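Quantities reported herein were computed from a predicted structural model and do not represent experimental measurements.
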Amino acid sequence: MGLEPKNLQSSIPVPSVQELASLQLEAVPSRYIRDDMESIISTVASDNSTLRVPLIDMAKLVDSESHETELQKLHAACKEWGIFQLINHGVADESLRNMNKQTQEFFDLPLKEKKRWAQKPGSLEGYGQAFVTSEEQKLDWNDMIFLKALPIEDRNLEIWPENPPKFRESLDRYSQDMRQIAVALTRFMAMGLEIETRELCAAYEDGLYQIRMNYYPPCPQPERVTGLASHVDIPGLALLLDCGDTPGLQVLKDGRWIFVEPLDGAVVVDMGRITEILSNGLYKAPEHRAVVNKSKERRSIVTFCYPGLSFKVGPAMDLIKLGSPPLYKTVTVEEYLGCFFNPKPDVPFIDTMKI
Ligand code: OGA
Ligand code: NI
């Protein structure tokens, strides 16, 4: 590992994995082979059917009869897992199906066409691969397109695909739908934590919503690569739509990797570091990763939800009043992002936020 601080705000161009996959190679290039995969694979529990990611029903949170019981379930899910499946979230199936279809049609376009919306030097947005900072770095078996969707002023329309023709319209609608889920969920999470809800919900109303569409082609040696290497997300919430029935997302729970089984119509909610900090460490932002499949492709659409730039990220006052000392500093979302994108050499990002 180099000691220079890495600049995470741009990515070195690397080949399209989709193109590599289409060559029908017997072995994947060494740049994608992870030496540590064996140890990672061996931690996957063979009996992991007994451990399931929790399921939360938003309709039950809303209904006064079932509210209290479901709120306790949500609170436990956030504390013990940091990830859950959300059903009856109030967003029309049509919006999810539509975005799914547009994403599929986009990745199905010829490479040359997709490259019309490629990442530009110095930017992470657009079609390409995220966070490739050195020529030696191991690569993920993943192509993606990353777009800022909300607030509307943040949109860089020159890299918003115009092909397929309904892509932009669908993304516009979809991003507003994801904001609706984030705001509603935040209210219930704040209730679970017994902290003030109003300011937090307002911050998510005015929040940043950035969307990453992932494409994982089939891989001749799935056991030796990662679709997306293990990581923790940095926003408040990540809302993930699994676009089919091929499992790929895994979460680390008590030292074992557990598959998140795709569930039609559900949205997977994954806590990011901002929620961990806000809850003063009570809610955990989990390590997760994506694995790939030998014969099947997989797509996912992930919406990263942040409170607005001026919102102060720090342990909620109501939690500190109760006598537990704050474990994290308080900084604005803008400062927080500044720290993430300009990391200190060899200091894990979350440690720079700790007191
Ligand atoms: C991500 C992520 C997992 C997946 O994009 O941050 O964790 O299954 N994706 O695509
Ligand atoms: Ni993630």
Side-chain angles (χ1 to χ4, degrees), residues 1-9 11 36 40 43 77-84 124 130-131 133 137-138 140 146 182 186 189-190 192-193 195 200 203-204 207-208 210 212 226 228-240 249-258 268-290 302-317 319-320 324-355:
M1 277 267 256
L3 287 177
E4 289 83 10
K6 286 180 266 176
N7 179 1
L8 295 177
Q9 238 154 349
S11 206
D36 55 353
I40 291 174
T43 63
C78 294
K79 277 198 309 192
E80 288 155 27
W81 285 81
I83 193 167
F84 55 87
L124 274 184
F131 301 135
T133 54
Q137 180 185 334
K138 289 289 180 184
D140 288 329
F146 178 63
T186 299
M189 283 162 54
L193 284 167
I195 63 173
L200 190 60
Y204 276 96
L208 314 180
Q210 308 181 345
R212 174 174 168 152
T226 53
L228 205 53
S230 171
H231 65 282
V232 177
D233 290 333
I234 61 156
L237 297 172
L239 303 178
L240 180 141
L249 173 61
Q250 294 183 330
V251 62
L252 191 61
K253 169 75 171 135
D254 304 330
R256 305 184 334 171
W257 288 101
I258 309 292
V268 178
V269 180
D270 161 55
M271 327 257 105
R273 292 294 193 195
I274 289 183
T275 300
E276 185 170 307
I277 294 173
L278 218 74
S279 70
N280 204 25
L282 192 62
Y283 287 1
K284 300 286 174 317
E287 289 250 358
H288 57 283
R289 66 179 187 187
V302 187
T303 308
F304 299 108
C305 318
Y306 298 83
L309 283 181
S310 60
F311 181 78
K312 291 205 170 71
V313 178
M317 290 303 276
L319 296 176
I320 302 311
S324 33
L327 302 177
Y328 305 91
K329 300 172 197 163
T330 296
V331 296
T332 63
V333 171
E334 194 166 13
E335 289 162 343
Y336 174 87
L337 288 173
C339 287
F340 177 74
F341 283 115
N342 301 289
K344 293 200 178 129
D346 294 331
V347 183
F349 166 63
I350 191 65
D351 288 354
T352 65
M353 289 297 133
K354 287 186 181 149
I355 285 182

Would you check if Val269 and Leu239 make a side-chain contact, meaning some heavy-atom pair closer than 4.5 Å? yes

Which heavy atom in Leu319 sits nearest to a heavy atom in Leu278, and how many Å separate them? CD1-O, 3.6 Å

Kindly give the heavy-atom pair with the smallest separation between Ile234 and Tyr336, and that separation in Å. O-OH, 2.6 Å

CD1 on Ile83 to CG on Leu240, rounded to 0.5 Å: 7.5 Å

Closest non-hydrogen atom pair between Thr275 and Met189, with its separation: CG2-CE, 3.7 Å

What I'd like to find out is whether the side chain of His231 reaches to under 4.5 Å of the side chain of His288, using heavy atoms alone. yes

Sequence neighbours excluded and cut-off under 3.5 Å, please list the side-chain donor-acceptor pairs for residues 348-355, or say none.
| residue | atom | partner | partner atom | Å |
| --- | --- | --- | --- | --- |
| Asp351 | OD1 | Lys354 | NZ | 3.3 |
| Thr352 | OG1 | Phe349 | O | 2.5 |

CG of Leu228 to CZ of Arg212: how many Å apart, nearest 0.5 Å? 5.0 Å

Mind checking salt bridge (charged side-chain N to carboxylate O under 4.0 Å, His left out) for Asp140 and listing every partner two or more places apart, or none if nothing turns up? Arg34

Over all atoms of both residues, closest heavy-atom pair of Val302 and Ala238: CG1-CB, 4.0 Å

When you compare the side chain of Thr186 with that of Leu237, does any pair of heavy atoms fall below 4.5 Å? yes

Under the side-chain contact (heavy atoms from CB on, under 4.5 Å) test, residues paired with Pro315 that sit two or more places apart: Ile277, Asn280, Ile320, Pro326, Tyr328, Thr330

Hits for side-chain contact (heavy atoms from CB on, under 4.5 Å) against Lys253, two or more places apart or cross-chain, chain-then-number order -> Leu51, Glu80, Trp81, Ile258

If you measure from NZ on Lys312 to CD on Glu335, what distance do you get to the nearest 0.5 Å? 8.5 Å

Taking side-chain contact (heavy atoms from CB on, under 4.5 Å) as the definition, give me every residue that meets it alongside Ser279, ordered by chain and number, with sequence neighbours left out. Leu193, Leu282, Tyr283

Contacts of type side-chain contact (heavy atoms from CB on, under 4.5 Å), residue Ala203, not counting sequence neighbours: Pro307, Phe311

Which pair of heavy atoms, one from Pro235 and one from Cys305, lies closest together, and at what distance? CB-O, 3.3 Å

In Å and rounded to the nearest 0.5 Å, what is the CZ to CG distance from Phe304 to Leu208? 13.0 Å

If you compare all heavy atoms of Tyr306 against all heavy atoms of Leu337, which two are closest, and at what distance to 0.1 Å? CE2-CD2, 3.6 Å

Nearest 0.5 Å please: distance from the CE atom of Met271 over to the NZ atom of Lys284. 12.0 Å

